[in-house]
Peer 1: 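Quick one: the structure is below, and I'll ask about it shortly.
Note that ligands are numbered from 1 as they come in the structure, with each ligand's atoms numbered from 1 the same way. Just so you know, residue 1 is the first one in the sequence shown, and it goes up from there.
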Amino acid sequence: MIEQVDQLYQEALSNLKTAESSEALTSWYRNTLGTKGNIQLLTRQIGQLTKEERPAFGKRINEVKQALQEALDARTAEVKAVELEAEIAGGAIDVTLPGRRRANGRLHVATKTLREIYAIWADMGFQIYRSRDVETDEYNFELLNIPQHHPARDMWDTFHTTTPSVILRTHTSPGQIHAMREYYPEPIRVILPGMCYRYEQITARSEIQFHQIEGLAVGRDITFTDLKGTLTSFARRMFGQERKVRFRANYFPFTEPSAEMDVECILCNGSGCNVCKHTGWLEILGCGMVHPTVLKNGGYDPEEYSGFAFGMGPERIAMLKYGIDDIRYFWSNDLRFLEQF
Ligand code: FA5
């Protein structure tokens, strides 16, 4: 069988000399040294030899494999050099072709909107207060005047952790309690931005994860007039000085009285369209005077102090501002959407 090895070796060497392209070398390798090549097939026949014949056969096969590999390397270098020369001689490079533009990164539309909102509130003297995403039931509900049995809990279903009473916050409002407990007895003007989580059906208007920006002002003699003036000023800075706003009575357990604020529809200027459902108004936030129980839970005496709070959804605001018709675009990572902002 050693003669067969030698014969294969000679044949392979002479075939190699006739291979004149990279493709021909690849196919030579496949037929000779590859896993289904001739040398490999012959190696598998070692089982037919006697125990005494096997070492000499194995040794010769290994020598031949090594020699063929070296011959292949040398031939590859020759062929590559010829191919390169042919390529250079074959055609000049067209340096007038325009280059490919490098794709620039940019801020996500949600981040842009958040920063725009931060800037307006900073201008009005509100500082950013960061609060946690993972909350206890006590902060997310109870201290905000929503006890265990309260039906208002149905408005905010959430995700629970394996630790009892530890949940993902459904709104940024628990940050009000953290801020009050930290700042008492100082007056407070803060905004509390961050992610919120709700266990609810995903639709064109609702996600299970979205940003909110909460606002809180606490001090002496703060009235509903302050709330209206401050929020109106915010809306005009955000949507244009001529923009009309209105307040509608609403219910939140942690504010009393409570309201929702609408701005005149940005798309139809109040004349009625599909986006505003032909009302001429768009809801942008919930607000109200901080409930005495919540003030007390934050450490402030409601006889001496009062305050207002509000909560808005920046993604919904961006949807209105840029005419985005589906909130699911925000987190689907589609560059065709993201590159528009
Ligand atoms: C609240 O979450 C109250 N904590 C707001 C508040 C704060 C009222 C302080 C009074 C005082 P609401 O559930 O309406 O309220 O949510 C507030 C805003 O969050 C909505 O106006 C909307 O813009 C946004 N939002 C609520 N749910 C979703 C959702 N599933 N997807 C996207 N945005 C949402």
Peer 1: Using a 4.0 Å cutoff against the non-hydrogen atoms of Glu283, which atoms of ligand 1 qualify?
Peer 2: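 Numbered from 1, ligand 1 contributes 21 (O).
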Peer 1: Between Asp301 and Lys296, does any side-chain N to carboxylate O distance fall below 4.0 Å?
Peer 2: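 Lys296 and Asp301: not salt-bridged.
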Peer 1: Please report which non-hydrogen protein atom sits nearest to atom 22 (C) of ligand 1, along with the residue it belongs to and the distance in Å to one decimal place.
Peer 2: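 Going atom by atom, the protein heavy atom closest to atom 22 (C) of ligand 1 ends up being Arg316 NH1, 3.3 Å.
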Peer 1: Taking only heavy atoms of Ala309, which atoms of ligand 1 are found under 4.0 Å from at least one of them?
Peer 2: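 Heavy-atom distances to Ala309 below 4.0 Å select 9 (C), 11 (C).
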Peer 1: Which protein non-hydrogen atom lies closest to atom 26 (C) of ligand 1, naming both residue and atom, and how far is it?
Peer 2: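 For atom 26 (C) of ligand 1, the nearest protein heavy atom is Arg198 NH1, 3.5 Å.
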Peer 1: Tell me, do Glu200 and Glu207 make a side-chain contact under 4.5 Å, heavy atoms counted?
Peer 2: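 In short, these two side chains do not touch, never coming nearer than 4.5 Å.
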Peer 1: Return a yes/no value for Glu207: is any of its N or O atoms, backbone included, closer than 3.5 angstrom to an N or O of ligand 1?
Peer 2: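 It does: an N or O of Glu207 is found under 3.5 Å from an N or O of ligand 1.
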Peer 1: Suppose I only count heavy atoms of Ser173 and a 4.0 Å limit; which atoms of ligand 1 are within that range?
Peer 2: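 Counting atoms of ligand 1 from 1, those under 4.0 Å from Ser173 are 4 (N), 7 (C).
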Peer 1: When the ring centroid of Trp121 is compared with that of Phe310, is the distance short of 6.0 Å?
Peer 2: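 Yes, close enough.
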Peer 1: Thinking salt bridges, do Asp262 and Arg248 make one under a 4.0 Å N-O criterion?
Peer 2: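 Result for this pair is yes, salt bridge flagged.
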Peer 1: Just to be sure I read this right, does ligand 1 sit under 4.0 Å from the backbone of Ile208, its side chain, both, or neither, counting only heavy atoms?
Peer 2: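 Neither; nothing of Ile208 gets under 4.0 Å from ligand 1.
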Peer 1: Tell me if the centroids of the rings in Tyr197 and Phe159 come within less than 6.0 Å of each other.
Peer 2: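 No, ring centres 6.0 Å or more apart.
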Peer 1: Examine Phe308 together with Phe224 and report whether their ring centres are nearer than 6.0 Å.
Peer 2: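 Aromatic pair excluded; centres sit 6.0 Å or further apart.
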Peer 1: Are Phe247 and Val290 linked, directly or through intermediate hydrophobic residues, by side-chain heavy-atom contacts shorter than 4.5 Å (ILVMFWY only)?
Peer 2: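 Each belongs to a different hydrophobic cluster.
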Peer 1: I'd like to check which ligand 1 atoms, numbered from 1 as shown, lie under 4.0 Å from a non-hydrogen atom of Cys287.
Peer 2: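 Counting from 1, the qualifying ligand atoms are 8 (C), 10 (C).
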Peer 1: I'd like to know if Glu63 and Lys59 make a salt bridge, using a cut-off of under 4.0 Å between side-chain N and carboxylate O.
Peer 2: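 Result for this pair is yes, salt bridge flagged.
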Peer 1: Only heavy atoms of Gln176, strictly under 4.0 Å: list the atoms of ligand 1 that pass.
Peer 2: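 Listed by number with element, the hits are 9 (C).
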Peer 1: Any atoms of ligand 1 less than 4.0 Å from a non-hydrogen atom of Glu214? List them with their elements.
Peer 2: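 Checking each atom against Glu214, I get 7 (C), 9 (C).
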Peer 1: Among all protein non-hydrogen atoms, which one is nearest to atom 15 (O) of ligand 1, and what is the separation to 0.1 Å?
Peer 2: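 Sorting protein heavy atoms by distance from atom 15 (O) of ligand 1 puts Phe252 CE2, 3.5 Å first.
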Peer 1: Could you say whether the N/O atoms of Glu200 and ligand 1 ever approach to under 3.5 Å?
Peer 2: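 N/O-N/O distance under 3.5 Å: yes.
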Peer 1: Please could you name the atoms of ligand 1 that Gln212 approaches to less than 4.0 Å, counting only its heavy atoms?
Peer 2: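 Close to Gln212: 1 (C), 2 (O), 16 (O), 17 (C), 18 (C), 19 (O).
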Peer 1: Looking only at protein heavy atoms, identify the closest one to atom 5 (C) of ligand 1 and say how far it is in Å.
Peer 2: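 Minimum-distance protein heavy atom for atom 5 (C) of ligand 1 reads Gly311 CA, 3.9 Å.
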Peer 1: Does Thr170, backbone or side chain, put an N or O under 3.5 Å from an N or O of ligand 1?
Peer 2: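 No, since none of the N or O atoms of Thr170 sits under 3.5 Å from an N or O of ligand 1.
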Peer 1: Could you identify the single nearest non-hydrogen protein atom to atom 24 (C) of ligand 1 and state the distance to 0.1 Å?
Peer 2: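 Checking every protein heavy atom, the shortest distance to atom 24 (C) of ligand 1 gives Gly313 CA, 3.9 Å.
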Peer 1: Do the side chains of Arg205 and Asp326 get close enough for a salt bridge, i.e. N-O under 4.0 angstrom?
Peer 2: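 No, no charged N to carboxylate O under 4.0 Å.
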Peer 1: Relative to the heavy atoms of Phe310, which atoms of ligand 1 are at a distance of less than 4.0 Å?
Peer 2: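 By the 4.0 Å cutoff, the relevant atoms are 7 (C), 9 (C), 11 (C).
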Peer 1: Would you indicate which of Tyr251, Phe254, Phe210, Tyr197 comes nearest to atom 28 (C) of ligand 1 when only heavy atoms are counted?
Peer 2: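 Closest candidate by heavy-atom distance is Phe210.
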Peer 1: Any non-hydrogen atom of Glu315 lying under 4.0 Å from ligand 1?
Peer 2: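 Distance cut 4.0 Å: Glu315 fails for ligand 1.
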Peer 1: Please report whether the ring centroid of Phe254 lies less than 6.0 Å from that of Trp156.
Peer 2: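 Yes; Phe254 has its ring centre under 6.0 Å from that of Trp156.
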Peer 1: Has Arg153 got a side-chain atom pairing as donor or acceptor with Ile146's backbone, closer than 3.5 angstrom?
Peer 2: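 It does hold such a pair.
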Peer 1: Are more than 12 heavy atoms from other residues, nucleotides or ligands located less than 6.0 Å from atom NZ of Lys321?
Peer 2: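 Yes, NZ of Lys321 has more than 12 neighbouring heavy atoms, counting only those of other groups under 6.0 Å.
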